[in-house]
Structures are given as structure tokens and as C-alpha cells.
Amino acid sequence: HGRLVPYEKVLANGQLIQLHTYDELTAFAATFYTIFVSHQWCDRYEPDPAGVQFKAICAAVNCILERTQVSVTELYIWVDYSSIPQRNDILKNLSISSLCAYASTSSFFVVI
């Protein structure tokens, strides 16, 4: 894509894996490598309008892949804009309240 993509588009494209329980989350995390990405939003409505953070996220992911010899097919990335509903405020707030579960079960934590 070349940029961060909102949740609704990722979901519509079939590129989102939904985990509905903590047990599903921990089983997934035990099977696959996961990266939790924390980044600052640069705009109120779009997190990275210039694509600077997207490039930094890609560089961090590539570094992890090179240093760990993890296959890209075994790796999943959690980024708020793509992993949290953006258009439904109720679902957004519920998802935000679950951030600690995703962050605490991730294999890697990347701060941009």
C-alpha cells in the first residue's frame, strides 16, 4: 500500500485476522510472531499523512526479520489505525481498552 491503511479497508480486503477472546489471542501469539507497533498520530484524522512513520515501521519490521531469521509468512503486525475500528466510536473505544492484551502478548514491541 505504501501507507497506513484504515481498519475498515483492511477488513473489507480480507487482510485482518480477528481474535475474539483472550484464549484465541494467546493461542495465536504462541503460534505466530507478532509485532505491536506504537506510534504518534501526526494528524487528527490520519495518523501518518506524509508516510514517514510507515517507512519507519517497514524499516523496523525488516530489521526484526533480518536479526531473528523469522519468515515473513510467520509474522503478523498490529498497528492501531489498521487494527482498531475508525468509524464507529463505540467499537473504537472498546478496542482501545484491549490494547494492553495485544501489547503484552506480542513477540516484539516497536515504538516509532
Side-chain angles (χ1 to χ4, degrees):
H1 295 280
R3 63 183 307 132
L4 294 176
V5 179
Y7 169 89
E8 289 77 11
K9 187 172 183 177
V10 175
L11 181 63
N13 289 341
Q15 298 170 311
L16 188 68
I17 294 175
Q18 295 182 317
L19 304 169
H20 300 286
T21 67
Y22 187 74
D23 287 341
E24 288 179 4
L25 172 61
T26 56
F28 186 86
T31 305
F32 299 101
Y33 294 96
T34 55
I35 299 175
F36 184 94
V37 176
S38 175
H39 66 96
Q40 182 178 2
W41 279 52
C42 298
D43 184 82
R44 180 177 169 95
Y45 301 104
E46 185 178 351
D48 187 28
V52 174
Q53 293 186 31
F54 179 79
K55 290 176 187 169
I57 291 168
C58 290
V61 169
N62 285 330
C63 183
I64 289 169
L65 289 171
E66 289 173 10
R67 290 183 179 194
T68 62
Q69 301 298 310
V70 171
S71 167
V72 72
T73 60
E74 298 174 296
L75 182 68
Y76 290 84
I77 304 170
W78 191 100
V79 179
D80 59 355
Y81 190 55
S82 301
S83 302
I84 292 177
Q86 300 300 308
R87 294 192 312 227
N88 183 317
D89 286 339
I90 293 171
L91 290 178
K92 181 190 293 188
N93 289 331
L94 287 170
S95 297
I96 289 169
S97 70
S98 71
L99 287 178
C100 61
Y102 289 97
S104 67
T105 58
S106 293
S107 310
F108 307 98
F109 192 101
V110 172
V111 179
I112 301 296

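Treat the numbers as computed from the prediction; the structure is a model and nothing was measured.
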With the 4.5 Å side-chain cut-off for hydrophobic clustering, are Tyr7 and Val79 part of the same group?
-> no
For Tyr81 and Glu46, the nearest pair of non-hydrogen atoms, with its separation, is OH-CG, 4.3 Å
Could you grab the distance from atom NE2 of His39 to atom CZ of Phe54, nearest 0.5 Å is fine?
-> 11.5 Å
Minimum heavy-atom distance between Ala101 and Ser104, given as atom pair plus value = O-OG, 3.2 Å
Is there a donor-acceptor pair closer than 3.5 Å between any side-chain N or O of Glu24 and the backbone N or O of His20?
-> yes
Out of curiosity, Leu75 CG to Thr68 OG1, how far, rounded to the nearest 0.5 Å?
-> 7.5 Å
When rounded to the nearest 0.5 angstrom, what is the spacing between CD1 in Ile35 and CD1 in Ile64?
-> 3.5 Å
Euclidean distance, Asn93 CG relative to Asn88 CG, rounded to 0.5 Å = 9.0 Å
Do you know which two heavy atoms are closest between Arg3 and Pro49, and how far apart they sit?
-> NH2-O, 4.0 Å
Does Ile57 share a hydrophobic cluster with Phe108, counting links as ILVMFWY side-chain heavy atoms below 4.5 Å and allowing steps through other members?
-> yes
Interatomic spacing from CD1 in Ile77 to CZ in Phe36 - rounded to 0.5 Å | 13.0 Å
Option passing ring pair (Phe, Tyr, Trp, His ring centres under 6.0 Å) with Phe28 (candidates Tyr102, Tyr76, Trp78) | Tyr76
Pairwise side-chain contact, Leu11 with Gln18, heavy-atom cut-off 4.5 Å (strictly under) = yes
Could you check if a side-chain atom of Val5 sits within less than 4.5 angstrom of a side-chain atom of Gln15, using non-hydrogen atoms only?
-> no
Give a yes or no answer on whether the side chain of Ser106 reaches the backbone of Phe109 with a donor-acceptor pair at less than 3.5 Å.
-> no
Do Leu16 and Val61 belong together in a cluster built from hydrophobic side chains that touch within less than 4.5 Å?
-> no
Find out if a path of hydrophobic residues (ILVMFWY) with successive side-chain heavy-atom gaps under 4.5 Å connects Leu25 to Ile17.
-> yes
Are Leu4 and Ile84 co-members of a hydrophobic cluster defined by side-chain heavy atoms under 4.5 Å apart?
-> no
Can you tell me how far CD1 of Ile112 sits from SG of Cys58, rounded to the nearest 0.5 angstrom?
-> 9.5 Å
Are the side chains of Cys42 and Gln53 in touch, meaning some heavy atoms are under 4.5 Å apart?
-> yes
Shortest non-hydrogen contact between Gln86 and Glu8, atoms and distance = N-OE2, 2.8 Å
